[in-house]
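Below is one structure, written out as structure tokens; comments come after it.
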Amino acid sequence: MNNSSVSYDFDVIVVGGGHAGIEAAYAAARMGSKTLLITLNLDKIGFMPCNPAIGGIGKGHIVFEISALGGLMPKLCTQTYLQARMLNTSKGPAVHGLRLQIDKHAYNQLSKRMLEKTENLTLAMGMVEELFIDDQNQVRGLRTREGADYLAPTVNLTTGTFLNGLMHIGKTNFSAGRQGDEAVVSLSHFLMKLNLKMGRLKTGTPPRLLRSSIDFSKLDCQQSDNLEYLFEFHSHKVTNTHACYIARTNEKTHEIIRKNLHLSAMYSGNIKGVGPRYCPSIEDKISRFADKTSHHIFVEPESASSEEIYPNGISTSLPLDVQKQMIHSIVGFEQAVIVRPGYAIEYDFVMPDQLTHWLEVKKVPGLFLAGQINGTTGYEEAAGQGIIAVINAHLKVHNKEPFVLDRTQGYIGVMIDELVRLGVDEPYRMFTSRAERRMSLAQCSVFMRLADKSYQLGLIDNAMYENIQQEKDLINSTIAQLRAGNNNTELLKLLGDEQLCKEKVLETLNQQAPDRVVQAIVAQIRYEPYLKREEKEIEKSKVYQNLEIPDGFSFDDLPGLSTELKQKLGKHKPKTIAQAMLISGMTPAAIGILIFKIREYRHTYKNISPALQS
């Protein structure tokens, strides 16, 4: 296709109506690009095939950043949640995580309605089979199986688990993108023909249970928290929520699973894809944590309009008859009816180290990728990539410089940096521990942190921007007043008592202070020493980046490092601190421990220059 002969139908085309696709299409249209969203089934836009929950530790931070960038997911959440909880509240506000249980049917229906009402956005149904690529390897549009051709200078692929998807239940497997939906095979083959490096990953779900068949009196009840804010900037009082429950596996459950492991698709050799480390199947849990006699199951509703219950924590690809035995061995589930079997699904993805930091394929200008096609897991990670990818598609169309969210500016930046710099060898999931500057990336500061850039990009309007600036001014002036009346030691002592702190802040403000304002004030004062320490650790890492890691050095004996980091160090075997710093999830604190232990390792002293020994 010759450039001069192209007359474009759209500025931006988004392929896929999942969570990455929703954010991409919504943002592109609101920024002013003429946008097309094409998906297999218009009635399944925003559908949640796994647990209908959004947020959590790390993941919730991403949703707050999507909110600050004017995204759709937070708006949908406010109108469709069933339960709201703030996780990790025993720790500082930097690692709190808002998690909402969502009504999957209401979310799905509202997603479609919101997109249908969005100006500059056209929705279309179809299966994309090939892309149009010109002589300069630039994308120019696409063709569907149904015979429709759509032309645009940018295409955003957000294909989820649909690329060459294969579903497994026991020894049975069949082509599918998820339960009830067909796989997309031709597009996967087309991407391979572009000489893109591809891989294979796996995910799965548990069986769904009939609500009326569960004995909830035998389970532990979890109610909502009394919250004044959700993911949006404006306040929202949590009301009319639904209870969730906790069940537990037991030794009988584990024995049933162990006895039938050979029938699981994961252990029979039928599945080639790599599964998620942090959301493993129940078969994986029993095998990897053989010493544990029980695992939690979070028993959560899927919708207020449905009797289906999601037993979060027992994803499985065991045969259906074994799934029934397993379920009936659990206290409270003795009479439970399985209405949908659990299954595993494997699918193709594109190795993300072939992308730029603005999520454009390096060798195919105009082609952007977001979501599980990049090797990530989760609705939140997908949505975060979707909004960044399409911001840059829009900027490309208008001949503007790309927008890169740095890893010091947000968790979305951390995620993208690690994907494109390091690639993936397992499905990527966000945790707060991945961010070396998490003290400055707290939920309570996200709107102030991203408001300027969001406003410049046209993602938030004047009124929203002014409201954020007013809150920022209020926080800064209150901190100044508190500092004027107390020295730092007195302030830290004061802010160590949450109730006393709130009373003091309210007294200083002489008004009712929103929770987010109080949290931001506390965080800025309490974290000041830690922020300075983070800066020191980062500087220390720079000084010691050429420090060699000696042969024979054991990464297993490093105190304070997670099992994941020890495993990654052992796998990659970095030769220097600089190489260790490139490993996904390595924080300045972890690097500091590594430096200390290397310098303590007496056999290395002769190889270290005097300057580095000081």
Side-chain angles (χ1 to χ4, degrees), residues 53-71 73-78 81 83-102 224-238 378-381 383-384 387 405-415 429-454 460 464 467-468 471-472 474-476 478-479 495 498 501-502 505 513-528 530-531 534:
I54 287 177
I57 307 208
K59 288 173 173 283
H61 289 71
I62 290 177
V63 185
F64 273 103
E65 291 170 11
I66 293 168
S67 187
L69 291 169
M73 177 177 273
K75 299 178 176 68
L76 297 170
C77 285
T78 301
Y81 72 94
Q83 189 188 74
R85 297 183 67 230
M86 189 66 74
L87 309 182
N88 231 16
T89 53
S90 63
K91 299 181 180 178
V95 292
H96 291 180
L98 177 61
R99 182 185 187 272
L100 305 182
Q101 190 68 21
I102 300 295
S224 271
D225 290 335
N226 184 24
L227 303 176
E228 296 180 5
Y229 283 87
L230 296 183
F231 291 116
E232 293 190 86
F233 177 78
H234 298 292
S235 62
H236 175 88
K237 185 73 174 175
V238 170
Y379 309 136
E380 305 86 352
E381 288 90 342
I387 200 166
L405 189 65
D406 188 83
R407 62 182 296 126
T408 64
Q409 297 173 305
Y411 281 89
I412 296 175
V414 171
M415 169 177 61
R429 176 176 176 169
M430 178 51 68
F431 289 100
T432 53
S433 60
R434 293 188 184 276
E436 61 269 32
R437 300 298 303 275
R438 58 184 176 274
M439 299 293 184
S440 60
L441 300 182
Q443 296 175 160
C444 57
S445 68
V446 65
F447 296 102
M448 294 183 291
R449 199 172 356 122
L450 298 179
D452 288 346
K453 181 51 69 174
S454 190
I460 60 174
M464 177 72 159
N467 286 336
I468 295 171
E471 181 167 295
K472 183 178 181 179
L474 178 62
I475 289 168
N476 290 338
T478 305
I479 290 173
L495 296 176
E498 186 173 340
C501 166
K502 187 164 186 176
V505 171
D515 277 0
R516 184 174 59 234
V517 169
V518 175
Q519 288 278 22
I521 292 168
V522 172
Q524 284 196 38
I525 295 173
R526 289 189 71 186
Y527 287 174
E528 188 173 48
Y530 300 99
L531 288 166
E534 276 185 354

Inset, instruction - Could you tell me whether the side chain of I468 reaches within less than 4.5 Å of the side chain of I460, counting heavy atoms only? - result: yes

Inset, instruction - Please report the shortest heavy-atom distance between R434 and V414, naming the atom on each side. - result: O-CG1, 3.7 Å

Inset, instruction - Check whether any side-chain N or O of D406 sits under 3.5 Å from a backbone N or O of T408 as a donor-acceptor pair, and report yes or no. - result: yes

Legend entry - Atom of L100, atom of A84 and distance for their closest heavy-atom approach: CD2-CB, 3.4 Å

Legend entry - Y229: partners by ring pair (Phe, Tyr, Trp, His ring centres under 6.0 Å), with sequence neighbours left out: none

Legend entry - Trace of the side-chain contact (heavy atoms from CB on, under 4.5 Å) decision for H234 with M464: CA-CA 9 Å; H234 298 292; M464 177 72 159; 4.3 Å; yes

Legend entry - Which atom of K59 lies closest to which atom of R429, heavy atoms considered: CE-NE, 3.3 Å

Inset, instruction - Start with the C-alpha gap between I525 and I479, add the side-chain angles, then the distance that decides, and say whether side-chain contact (heavy atoms from CB on, under 4.5 Å) holds. - result: CA-CA 8 Å; I525 295 173; I479 290 173; 4.3 Å; yes

Legend entry - Euclidean distance, F447 CZ relative to E232 CD, rounded to 0.5 Å: 8.0 Å

Legend entry - Separation between CG of N226 and CD of E228, rounded to the nearest 0.5 Å: 7.0 Å

Legend entry - Side-chain heavy-atom pair H61, V446 within 4.5 angstrom cut-off: no

Inset, instruction - Please report the closest heavy-atom contact between I62 and I412, naming both atoms and the distance. - result: CG2-CG1, 4.0 Å

Inset, instruction - Starting at NE2 of H236, measure out to CG of L230 and round the result to the nearest 0.5 Å. - result: 5.0 Å

Legend entry - Shortest non-hydrogen contact between A383 and I66, atoms and distance: CB-CD1, 3.5 Å

Inset, instruction - Please answer whether the main-chain N or O of M430 pairs with a side-chain N or O of E381 as donor and acceptor at a distance below 3.5 Å. - result: yes

Inset, instruction - Could you tell me whether a side-chain N or O of R438 sits under 3.5 Å from a main-chain N or O of Y411, the two making a donor and an acceptor? - result: no

Legend entry - Inter-residue atom distance R449.CZ - S454.OG, 0.5 Å rounding: 12.5 Å

Legend entry - Heavy-atom side-chain contact between L76 and I102 under 4.5 Å: no

Legend entry - Test: R516 cationic atom under 6.0 Å from F233 six-membered ring centre, within 45° of axis: yes

Legend entry - Worked check of side-chain contact (heavy atoms from CB on, under 4.5 Å) between T478 and V517: CA-CA 10 Å; T478 305; V517 169; 5.6 Å; no

Donor-acceptor contacts under 3.5 Å from residues 90-98 side chains, at least two apart:
residue : atom : partner : partner atom : Å
H96     : NE2  : K91     : O            : 2.8
H96     : NE2  : G92     : O            : 3.4

Inset, instruction - Could you pull out the closest heavy-atom pair between G71 and I387, with the gap in Å? - result: CA-CD1, 4.0 Å

Inset, instruction - Measure the spacing between CD1 of I475 and CE of M448 and express it to the nearest 0.5 Å. - result: 3.5 Å

Legend entry - Polar side-chain atom of R99 near backbone of G60 as donor-acceptor pair, under 3.5 Å: no

Inset, instruction - Test side-chain contact (heavy atoms from CB on, under 4.5 Å) on F64 and C444 and set out the steps. - result: CA-CA 9 Å; F64 273 103; C444 57; over 6 Å; no

Inset, instruction - Verify, without hydrogens or angle tests, whether T78 (side chain) and P74 (backbone) share a donor-acceptor contact under 3.5 angstrom. - result: yes

Inset, instruction - Enter the distance from D515:CG to L227:CG here, rounded to the nearest 0.5 Å. - result: 8.5 Å

